[in-house]
Visitor: 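Attaching a single structure in C-alpha cells format; questions to follow.
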Amino acid sequence: MAQAAYDYNTARRRKAAQPQRKTNLRVEKGGKPHLTPRQVARRNLGGLMAAALLIGFAISLLWSEAQLVELNDQIQDAKAQLVSQQSQYTYYTSTLNSKTNIASVEDTAGRLGLMKIDPSQITYIRLAESDMLVRKESTLRQWTDLVYNGAVTILGTVK
C-alpha cells in the first residue's frame, strides 16, 4: 500500500482557541479628577496663549517675507538704474573722446581759420614789486583775520 502524503491520524491537531481569562477588575472611587473652574480657566488660558504665539509667529514671518520682496524690488530697480547710468556714462565718454580728439580739434581749428601760435608772438613782462596791485580788504575781513590770528597765537602758547 502506498504511503499517504499526509497522515491525518498522526498529525497534531490544533487546540481550539480558549478564551483568555479575564482579570478581575477593581473599581475605585474617584476616576477622572475633576478640575476646579480656576484650573479649567488656567488650562484654557495656556491654550489661548500658545495659539496667540503661533499666530504672532506666522504674522511676523509673513511680514518679514513681504519686506524681503519689497527690498528685492528696490534692489532690482537700483540695478536697472545703474545699468542705465553706466550706459549713459559710456556714451558721454565716447562722445567726449571723439570731440577732444586732436584730429577733430585740428579739423575744427582749420575750419575756423585758427593757426598755431608762433614763438615770436610771445612777449614776457617783468614787473617790479612796486608795480603790483593789492586789493584792499574789507574792515570786517580785517577784524576776523585779527581775531583768528590772535586765537592761533594763544593756542600755540598754551600747548
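Nothing fancy with the numbering, it's 1 onward along the sequence. Please read these numbers as outputs of a predicted model, since none were measured by experiment.
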Visitor: Show the nearest heavy-atom pair for residues Ile117 and Gln121, with the distance to one decimal.
Guide: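 That would be CG1-OE1, 3.4 Å.
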Visitor: What distance separates Asp77 CG from Asn72 CG, expressed to the nearest 0.5 Å?
Guide: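 Going from CG on Asp77 over to CG on Asn72, the span is 11.0 Å.
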Visitor: State which residues pass side-chain contact (heavy atoms from CB on, under 4.5 Å) with Gln88; sequence neighbours excluded, sorted by chain then number.
Guide: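 Checked Gln88 against side-chain contact (heavy atoms from CB on, under 4.5 Å); matches are Gln85, Tyr92.
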Visitor: Working to the nearest 0.5 angstrom, can you tell me the gap between Asn44 CG and Met49 CE?
Guide: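 If I round to the nearest 0.5 Å, the distance is 13.0 Å.
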Visitor: Got Asp145 and Arg141 here, is their nearest side-chain heavy-atom distance under 4.5 Å?
Guide: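 Of all side-chain heavy-atom pairs linking Arg141 with Asp145, at least one is under 4.5 Å.
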Visitor: Rounded to the nearest 0.5 Å, how far apart are CD1 of Ile154 and CG of Asn149?
Guide: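 Going from CD1 on Ile154 over to CG on Asn149, the span is 11.0 Å.
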Visitor: Could you grab the distance from atom CG of Leu68 to atom CG of Asp73, nearest 0.5 Å is fine?
Guide: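 So the gap between those two atoms works out to 10.0 Å.
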Visitor: Using atom types as modelled and distance alone, determine if a side-chain donor or acceptor of Glu106 lies under 3.5 Å from a backbone N or O of Ala103.
Guide: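 No, the answer is negative, given that no donor and acceptor are paired below the 3.5 Å cut-off.
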Visitor: Under 3.5 Å, is there a donor on one side chain and an acceptor on the other for Thr108 and Arg111?
Guide: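 Indeed, the side chains of Thr108 and Arg111 share at least one donor-acceptor pair under 3.5 Å.
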Visitor: Is the shortest heavy-atom distance from the side chain of Asn97 to the side chain of Thr93 under 4.5 Å?
Guide: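 Touching, per the 4.5 Å side-chain cut-off.
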Visitor: Is Val40 close to Arg43 at the side-chain level, that is, under 4.5 Å between some pair of heavy atoms?
Guide: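 No, too far: nothing below the 4.5 Å cut-off.
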Visitor: Starting at CD of Gln67, measure out to CG of Leu62 and round the result to the nearest 0.5 Å.
Guide: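 Spacing of CD (Gln67) from CG (Leu62) equals 11.5 Å.
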Visitor: Okay, side chain of Ser84, backbone of Ala80: is any donor-acceptor separation there less than 3.5 Å?
Guide: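 The answer is no, because no donor-acceptor pair under 3.5 Å joins these two groups.
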Visitor: Determine the minimum heavy-atom distance between Ser98 and Ser104, stating which atoms define it.
Guide: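 It is O-CB, 3.5 Å.
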Visitor: Check this for me: Glu70, atom CD, are more than 12 non-hydrogen atoms of other residues, nucleotides or ligands nearer than 6.0 Å?
Guide: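 For Glu70, atom CD is not crowded (no more than 12 foreign heavy atoms under 6.0 Å).
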